[in-house]
> 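Sending over a structure as structure tokens; questions will come in a sec.
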Amino acid sequence: MMKKLLATLLAMCLTLSFFACSPNTESQPGDTGAPTSGQPDSPSPDDSGPDASSPPPASAGGVPLGTLLDGDHFSREPFKIAYVCNMLTWAFNKAISDGLDALGKKLNYEYTAWAANGDFDAYVNQIYTFADQGYDALVLGTDDALAPRAYDAAREAGIAFVGESTTFQDDGGVCIWPSVQQAQVKNGQACVEWLAENYGKYWGDVDLSAVKLGLICLDFSGVSGITERKPGVSGKFAELFPNGEFFDADLVALGSEGFSVQGGQELTSQLLSQNPDIEKWFVVALVDDWAVGATRAAEQLKMEDDVLTVSIQADAFLAEMNSGYVGDVYVAACAVSANEFAVDMANCLVAILDGRVTAEDIWPEWRDAGGTYPRIQVEGTMITRDTYGDYLAEQSALLG
């Protein structure tokens, strides 16, 4: 009975808890971090918000985080809100879109989703089109290259908007418009901390200070919002396993095909094969699809007893669980909630359109140092085969 319940929850929520970050020949959509032309490769603030370890539940105008905005939303005409992103075929974008659609029925707005599919000129033009069509607000999912153009177009069009995954920033890295992103560094740290606390459940009573330990960090340096997670991984690994060897596995080296399950498998297989002196391996995939690739590499090389893989984002992990995966290679994921993203962004736009707050005074606790606008940083939750059912139930409840 319990298994049937979990399967039902998974079917309901899988599309609402996924992540995507798709590369293309110009740049990548979905989860990225630092926009603006001329922006140097400096990380965004270290997930500090104000105090990201204890984020405030609400702020100016009573706009909550992670729970629905209160009020009689059906006492007015419905707003018109659109989600503009690069790809809707990638899981996190689709999950955010599904969440925004569901929330429209709670917060009284008509909803449309639109994807550029790699055409960034069309993306910018669509911002003006939605404004001309009488839309009230936009959720803008951009990447490093596109964010400055999208920001300028939305400001010129005079339409309310909020940033999704990529924070709108100036050249100094200060947030210049309300945005919702991941807690990049903290989520990277959480993966290594989980491995340090739980490896014994899979490897038994092994002393990792007495064996050669390696950690493969599967990265994609072409997307700042992904590679910003790497310092959390490398720093925590150096702290907890000072004798371990860190392998910076940048999938950019594989070209346009690197950003894929196959890319993760190929690069992991290379590193496992080329370093026979390493006795035990951790793999942290900064995007979850790559964790599936790393798992297949360990299986192909008959190294299942020596490799533990975790990921940031959990859609691939949930899919593996749903497909009946029973192995002990891909063992955990730092699940970052697409529903939480959707709730925070919808609350932001509706509160601004209702006149409760402005872009300048919403969530002041989350402003960058010296900044006027907030960047919300969504922290992940480590989930395993034993706990993902509870996580899915919680995610379903977020949409009200």
Side-chain angles (χ1 to χ4, degrees), residues 19 21 28 31-34 41-48 52-53 165 181-199 202 208-209 212-253 258-259 263-265 267-268 270-272 275 278 280-295 297-298 306-317 329-336 377-384:
F19 165 79
C21 191
Q28 286 69 37
D31 182 87
T32 55
D41 289 335
S42 58
S44 61
D46 57 352
D47 306 341
S48 54
S53 64
S165 293
Q181 68 171 67
Q182 276 199 49
Q184 315 286 22
V185 175
K186 286 200 170 193
N187 292 344
Q189 292 171 337
C191 288
V192 180
E193 289 171 342
W194 187 92
L195 286 166
E197 294 169 1
N198 292 278
Y199 70 85
Y202 305 92
L208 291 186
S209 66
K212 294 205 69 173
L213 173 68
L215 184 147
I216 297 172
C217 181
L218 292 170
D219 185 19
F220 193 91
S221 63
V223 181
S224 64
I226 293 173
T227 205
E228 283 170 6
R229 301 166 194 168
K230 182 172 66 177
V233 176
S234 60
K236 187 58 66 173
F237 183 66
E239 174 190 336
L240 298 178
F241 302 98
N243 297 322
E245 186 170 353
F246 183 85
F247 293 84
D248 185 357
D250 191 348
L251 292 164
V252 165
F259 200 105
Q265 180 171 354
L267 201 49
T268 301
Q270 288 178 14
L271 290 168
L272 294 178
N275 295 276
I278 302 294
K280 293 291 184 182
W281 290 93
F282 293 152
V283 179
V284 178
L286 302 188
V287 170
D288 53 335
D289 285 351
W290 309 335
V292 175
T295 301
D306 299 316
V307 179
L308 293 178
T309 297
V310 301
S311 65
I312 297 177
Q313 304 293 13
D315 54 319
F317 179 78
V329 177
Y330 193 3
V331 289
C334 183
V336 181
Q377 306 217 27
V378 179
E379 293 187 34
T381 300
M382 295 302 299
I383 62 173
T384 67

> Is Gln181 reaching over with its side chain to a backbone N or O of Val378, donor-acceptor style, under 3.5 angstrom?
no
> With sequence neighbours left out, what residues match Ala238 under side chain to side chain contact (heavy atoms under 4.5 Å, CB included)?
none
> Can Phe241 and Leu215 be said to form a side chain to side chain contact (heavy atoms under 4.5 Å, CB included), step by step?
CA-CA 10 Å; Phe241 302 98; Leu215 184 147; over 6 Å; no
> Mind running side chain to side chain contact (heavy atoms under 4.5 Å, CB included) on Ile216 and Leu272 for me, showing each step along the way?
CA-CA 9 Å; Ile216 297 172; Leu272 294 178; 4.1 Å; yes
> Is the closest side-chain heavy-atom distance between Cys191 and Ile312 below 4.5 Å?
yes
> Return the minimal non-hydrogen interatomic distance between Val336 and Gly380, and the atom names on each side.
CG2-CA, 4.0 Å
> Sub-3.5 Å donor-acceptor pair from the side chain of Asn243 to the main-chain atoms of Ser209, do we have one?
no
> If you look at every heavy atom in Phe282 and Leu208, which pair is closest and at what distance?
CZ-CD1, 3.8 Å
> How far does CG of Asn187 sit from OG1 of Thr381, to the nearest 0.5 angstrom?
8.5 Å
> Determine whether Val310 and Leu195 make a side-chain contact, defined as any pair of heavy atoms from C-beta on separated by less than 4.5 Å.
yes
> Is there a side-chain contact between Val331 and Val329, using heavy atoms and a 4.5 Å cut-off?
no
> Looking at every heavy atom in both Thr268 and Ala294, which two are closest together, and how far apart are they?
OG1-CB, 3.5 Å
> Minimum heavy-atom separation for Gly214 to Phe247, with atom names?
CA-CE1, 4.2 Å
> So Trp194 and Cys334, do their side chains get closer than 4.5 Å, heavy atoms only?
no
> Step by step, work out the side chain to side chain contact (heavy atoms under 4.5 Å, CB included) result for Val287 and Ile226.
CA-CA 8 Å; Val287 170; Ile226 293 173; 3.7 Å; yes
> Where is the tightest heavy-atom contact between Asp219 and Thr227, given as atom of each residue plus distance?
OD2-OG1, 2.6 Å
> Once rounded to the nearest 0.5 Å, what's the spacing between atom CD of Glu245 and atom CZ of Phe237?
8.5 Å
> CD of Glu228 to CG of Leu286: how many Å apart, nearest 0.5 Å?
11.0 Å
> What distance do Tyr202 atom OH and Leu308 atom CG have between them, rounded to the nearest 0.5 Å?
7.5 Å
> Roughly how far apart are Asp250 CG and Ser221 OG, rounded to 0.5 Å?
3.5 Å
> Roughly how far apart are Lys186 NZ and Lys236 NZ, rounded to 0.5 Å?
10.5 Å
> Check whether any side-chain heavy atom of Ile278 sits under 4.5 Å from a side-chain heavy atom of Asp306, and report yes or no.
no
> So Val283 and Val307, do their side chains get closer than 4.5 Å, heavy atoms only?
yes
> Can you find a pair of side-chain heavy atoms, one from Val233 and one from Phe246, that are under 4.5 Å apart?
yes
> Going by the angle between their ring planes, with limits at 30° and 60°, are Phe220 and Phe259 parallel, tilted or perpendicular?
perpendicular
> Could you walk me through whether Gln182 and Glu379 pass side chain to side chain contact (heavy atoms under 4.5 Å, CB included), step by step?
CA-CA 6 Å; Gln182 276 199 49; Glu379 293 187 34; over 6 Å; no
> For Ala332 versus Phe317, what's the shortest heavy-atom pair and its separation?
N-CE1, 3.7 Å
